[in-house]
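What follows is a single structure, written as structure tokens, with notes after it.
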Amino acid sequence: MTRLRLTNWKWLVIGPLVAALVLAAACGGDEPEEPAGLTAEDVRSAVEEAVGDQVSAEDVAAVVQEAVGEQVTAEDISMMVNDAVSGIDIPEGVSAEEVSSLVADAVAEIDIPEGVSAAEIDQMVKRATEQAIAGAEAGVTAEELATAIDEAVADAVALAVETIIPVDLIMNLAVTPVAQPIAPEDALPFVKDAKYGGTPPFAITADPGFLDLHAGASYNSSFTVSIPRFNQLVEFNPENYNQLIGELATGWDVSSDGKTYTFYIHPNANWHDGQPVTAEDVVFSLDRIVDPDAIRPQAGAALRPFYERGTAKALDPKTVEVPLYFPSAAFLPWLAFPLIAMYPKHVVEGLSQAEANCCYENLVGSGPFILKDFERGSHIFWEKNPDYFRPGQPFLDGMDHFKILDPNRAILGMNTGQLVAFANFFQSGSTIDVFQQMEADTNGQVKTVEIKNAINRGLIINWTKPPLDNPNVRKAIMLALDRVEYVKTIWKGFGRQGTFIPGGSSVDHAEANWPGWRYVDADGNLLTTDPVQVDGAQKHPDDIAEAQRLMEEAGAMGAELDMLVFTIPAYQSIGQITQQQMKKYFDWDVTVRAVDLAAAMEESFAGRFDLYADGSLVPLADASTLLSQHYQAGGGRNPLNWFDERIDRLGADAFRATTNEDRKAKYLEIEQIFVDEGHAQFIPIGWFPYVGGVNVKLRNFNLPIPGDVGYSPMIVAAQAEHWWFDDDATGFWPLGP
Amino acid sequence: MRAYILKRLLLLPPTVFIVTVIVFFIMWIVPGDAAMMILAGAQGESGFSQEAVDQLRDQLGLSRPVYEQYADWIWQLLQGDLGVSIYHGSPVIDDLGNRFIVTLQLAIMAILISALVAIPVGVLSAVKQDTRLDYLVRLFTIAGIALPSFWVGILFLAALAYWFNWLPPLGYAILWEEPLKNLQQLIFPAIALAYAELAFTARITRSTMLEVMREDYMRTARAKGLSELKVIARHALRNALLPVFTISGWQFARLMGGVVVIETIFVVPGIGSLLIEAIQFRDYPIIQAVMVTVSALILGLNLVIDLLYGWLDPRIRYA
């Protein structure tokens with residue numbers, strides 16, 4: 001039985017509606033004297049009035065039924081329903097909890113099939129409830145409604161099992177609009193007890209380079225100084241990373257062909273200089289990001305595939321229309337990425353690129369915090385934006401970011417309570433044991449947080465130089481690598497075997513049976529469970545034999561190779577383990593050369609290496625991001641521009657696919673090519689968590705949900721507007737165990 | 001004398017110039033450039049394409065021949081402009097100004113602490129030669145020379161955190177604005193830096209004191225009936241301090257090396273931590289600016305010491 005998650009924001013629209021009906025039913029049609037003061041008819045007419053002449057609630061139900069018949073997804077349905085019911089005023093005095101508990105009881109009776117996640121159930125229940133609402137006559141009793149809900153939920157579950165949506169794929173079609181800005185007292189129930197005030201101290205380990213997010217941004221260092229300051233049009237829902245909600249946009253419409261988005265800008269959103277955020281600002285920002293004459297290494301790379309410069313239009317001061325080249329499920333998630341920050345036209349238009357890059361005073365944002373003072377090498381001081389457009393937020397008076405280059409000093413600071421967290425929470429150079437030690441040292445005052453599978457590590461192979469230019473030699477390495485040894489030794493078992501496409505996110509993995517990934521237990525039986533968690537798991541002997549045969553055949557036994565690694569402990573360990581494994585299997589003499597980051601990058605682009613330990617953060621838990629980074633020419637982690645036309649073609653097809661089945665099929669095909677041929681320039685070693693520590697005084701830091709992958713949870717976690725500070729909090733965790 | 005000063009002053013610019021040339025070309029030989037670091041981020045977290053790097057290099061002027069870059073830089077410097085940082089684009093002088101003051105304060109504090117401890121300890125050790133006290137002092141000073149200052153610094157921090165659950169406050173504080181916070185921040189790094197220096201100074205003081213105390217005039221002074229304190233303070237110490245004073249210029253240069261690491265450990269926003277980061281990001285305008293400032297400072301200080309030395313020791317002045 002999968003545990004339900006009923007804190008979804010959508011309940012705020014749907015829940016009270018149901019509750020109103022229940023209350024109305026209980027009134028039995030008498031003169032309304034109850035708190036809500038509404039009859040079912042009132043609600044019904046409210047729905048119709050809000051929806052206008054578009055559709056009625058009955059129409060919605062009909063659409064739902066029809067749509068279900070055509071095997072559309074739960075997401076589609078919820079979109080339609082949400083569209084229909086958006087804009088309804090929620091009656092006072094009805095709590096979302098009342099409705100939630102009613103529905104929860106109904107759902108609790110049902111056996112939820114395996115492989116269906118809580119998020120999916122959430123969707124189903126929502127849909128079922130909507131059907132129940134639509135079907136409910138005025139004057140039904142609460143019991144009758146409950147029964148109706150019961151039945152509808154059962155139907156929905158039965159249906160959903162047929163048209164199952166893997167939660168991992170929801171990211172790719174998460175286009176659920178929010179009807180209205182989230183008011184913290186309603187929409188974020190966990191914020192109800194929030195305290196105001198406080199200016200907690202954070203550590204930052206690196207200063208950003210260019211301050212213009214569009215121009216030259218790296219994820220960690222640039223986001224720290226920009227996330228509190230700017231907004232995007234949309235953001236990841238802080239309570240469910242697999243959804244997108246409006247940030248500067250209050251909502252959006254998608255044209256029927258999926259190629260045109262219309263965003264509605266929040267009426268109260270202002271820049272820090274007091275000017276309103278307008279549609280013109282959005283058009284200006286989007287055009288600035290994709291400007292072909294400007295250097296836009298990250299932001300441009302994210303947006304250029306979708307959007308052509310000069311095509312967005314301001315329909316009115318608060319409405320903007322954005323056409324795309326093609327309908328794509330990946331557009332909105334990228335739009336939620338902090339790189340796609342909205343800038344004020346009246347300020348930024350007159351700036352040169354150099355002025356935008358250099359000095360914080362030159363840029364103006366709309367975010368929850370105002371940057372007050374930025375002294376490179378020392379600190380960044382933030383002050384609350386008193387006019388932030390989300391009512392009640394932010395909770396903190398400010399934040400003090402202190403630049404601490406030496407992570408050991410920062411950890412001491414966390415241990416003594418001098419710091420509450422790293423400003424970006426997570427340290428990609430650290431392994432989890434460091435933070436677990438911190439948790440032990442502080443009796444739980446500092447908690448370890450991790451985002452699983454956010455980092456991948458692997459070997460970049462110089463495919464232009466003998467003997468590695470021979471695809472069979474590369475395949476032999478792929479077969480022989482003992483990935484489990486890396487995971488156990490370097491990351492103490494916190495991680496899993498590396499795969500070509502984000503682990504557990506976009507496709508199902510069958511790696512337990514892949515040659516090169518297979519493991520056997522002490523008795524020689526093939527392991528079907530995660531070999532990282534099995535003591536004494538051994539590489540499958542057939543794989544080693546095949547690897548050695550290929551290597552013999554290529555005449556490459558006993559070669560001498562040069563391996564490049566960064567001077568970061570984890571990478572140096574990768575070097576050592578690779579050295580040992582290559583010696584053991586192929587009698588190779590690998591010389592490990594540790595250089596600093598800048599040097600390693602230049603050496604790798606110049607091709608002065610045979611093996612190169614590399615890896616990346618996975619910005620979105622989507623197969624396309626990893627594919628373009630490692631396996632397509634011009635990719636960010638493909639220094640020698642390896643390519644395979646089949647992969648390029650399949651990748652492009654997958655990127656433009658409109659159904660998830662299509663996407664999934666294409667990615668599986670790509671993966672199969674890699675596994676069969678083993679010819680790629682990047683051989684994955686492992687997926688590892690992104691880890692950090694947070695003092696429990698910092699409340700409402702959104703813990704990654706177990707099983708979450710990728711980088712987006714980190715972005716959500718870094719949304720400072722949700723945090724509040726409780727100086728008395730000790731040794732317990734705000735969001736449960 | 002005037003000619004001597006003039007000659008020394010005239011030698012200053014060419015020396016600084018040679019330093020800049022050496023540093024510039026070392027940075028040029030070492031692989032890596034700021035364009036890649038801007039794109040990748042401090043932890044190498046973001047990927048980028050060769051095309052993006054080339055574009056950014058063009059924009060930053062990094063694709064020009066290295067002698068051209070150098071010529072531009074030196075031409076700007078001659079006009080009194082230290083240029084802008086490649087990595088983050090703001091004027092170098094903004095970074096350097098405040099941070100230079102911090103480092104200078106740290107260095108002065110370290111030298112003062114070092115002198116205040118080293119000289120009495122060195123004298124005591126010489127006067128009580130081969131006693132238990134002498135052995136203790138020698139152990140203490142040998143340890144100071146042997147232990148790198150960053151290790152001492154880490155031990156300090158660990159001890160403060162462990163026993164007092166306290167750490168020096170964070171953030172930039174100027175002496176005359178927030179004196180207490182400033183001293184809380186700088187006293188421990190100053191002590192850590194001073195330890196290595198004072199160990200050295202104490203040993204020099206001890207050995208020159210031992211030498212001086214065997215001189216004939218010491219016996220004469222004692223024979224005159226002066227108290228032992230006066231003999232040591234006036235006759236022995238004053239003569240013994242000359243070599244100590246001579247090496248202090250060199251010590252200052254050494255201190256600058258220690259500052260780079262100590263500032264990083266103690267989170268002191270001085271030029272040492274600035275330099276570390278600038279090297280990490282291959283931000284050569286900042287590296288150059290720091291090197292020019294520090295080398296000019298060291299050369300200037302040595303000049304002043306040489307001049308003072310002549311003033312302190314009449315034998316040199318009249319020679």
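A note on names: the letters A, B, ... follow the listed sequences, proteins ahead of strands, and every chain is numbered from 1.
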Crowded around [X] [atom1]? As in, over 12 foreign heavy atoms under 6.0 Å?
X	atom1	value
B/Phe25	CZ	yes
B/Tyr70	OH	yes
B/Trp166	CH2	yes

Can you say whether [X] sits under 4.5 Å from chain A via the side chain, the backbone, both, or neither, judging by heavy atoms?
X	answer
B/Ile86	backbone
B/Ala34	neither
B/Glu51	neither
B/Leu60	side chain
B/Ile265	both
B/Val30	neither

Quick check: closest heavy atoms across [X] and [Y], and the distance to 0.1 Å?
X	Y	answer
B/Pro269	A/Gly377	CB-O, 3.7 Å
B/Arg282	A/Ala598	CZ-CB, 3.6 Å
B/Arg57	A/Glu602	NH2-OE1, 3.7 Å

Largest heavy-atom contact set with chain A, pairs under 4.5 Å, which of [options]:
options	value
B/Asp95, B/Leu170, B/Leu160	B/Leu170
B/Gly270, B/Gly171, B/Ala52	B/Gly171
B/Val53, B/Ile279, B/Thr264, B/Val268	B/Thr264

Under a 4.5 Å cut-off applied to non-hydrogen side-chain atoms, are [X] and [Y] in contact?
X	Y	answer
A/Leu597	B/Gln280	no
A/Leu405	B/Ile276	yes
B/Met37	A/Asp596	no

Evaluation steps, side chain to side chain contact (heavy atoms under 4.5 Å, CB included), between B/Leu167 and A/Leu412: CA-CA 8 Å; B/Leu167 288 167; A/Leu412 275 182; 4.0 Å; yes

As an exercise, state the distance from [atom1] of [X] to [atom2] of [Y], rounded to the nearest 0.5 Å.
X	Y	atom1	atom2	value
B/Ser85	A/Asn357	OG	CG	10.5 Å
B/Ser90	A/Leu211	OG	CG	8.0 Å
B/Gln50	A/Phe605	CD	CZ	5.5 Å
A/Phe374	B/His88	CZ	NE2	7.5 Å
A/Ile295	B/Leu56	CD1	CG	5.0 Å
A/Asp207	B/Tyr87	CG	OH	7.5 Å

Using modelled atom types and a 3.5 Å cut-off, is there a donor and acceptor pairing between side-chain atoms of A/Gln418 and backbone atoms of B/Pro168?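 A pair under 3.5 Å: yes.
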
With distance as the sole test, does A/Gln298 use its side chain to make a donor-acceptor pair with the main-chain N or O of B/Leu39 at under 3.5 Å? yes

B/Phe48 and side-chain contact (heavy atoms from CB on, under 4.5 Å): which single residue from A/Arg637, A/Gln629, A/Met601 fits?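 By the side-chain contact (heavy atoms from CB on, under 4.5 Å) criterion, B/Phe48 pairs with just one of A/Arg637, A/Gln629, A/Met601: A/Met601.
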
For chain B, the option from [options] that forms the most heavy-atom pairs under 4.5 Å:
options	value
A/Thr416, A/Asn641, A/Asp406	A/Thr416
A/Leu419, A/Ile404, A/Asp441, A/Asp614	A/Ile404
A/Ala354, A/Ala600, A/Gly417, A/Cys358	A/Cys358

Flag for B/Asn98-A/Glu375: side-chain donor and acceptor within less than 3.5 Å: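 Looking only at side-chain atoms, B/Asn98 and A/Glu375 do form a donor-acceptor pair, the distance falling under 3.5 Å.
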
Audit row: B/Val267, A/Phe402, side chain to side chain contact (heavy atoms under 4.5 Å, CB included) steps and yes/no: CA-CA 9 Å; B/Val267 205; A/Phe402 293 110; 5.9 Å; no

Regarding A/Lys403 and B/Glu277, does a basic nitrogen lie under 4.0 Å from an acidic carboxylate oxygen?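 Counted as a salt bridge, because a side-chain N and a carboxylate O are separated by less than 4.0 Å.
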
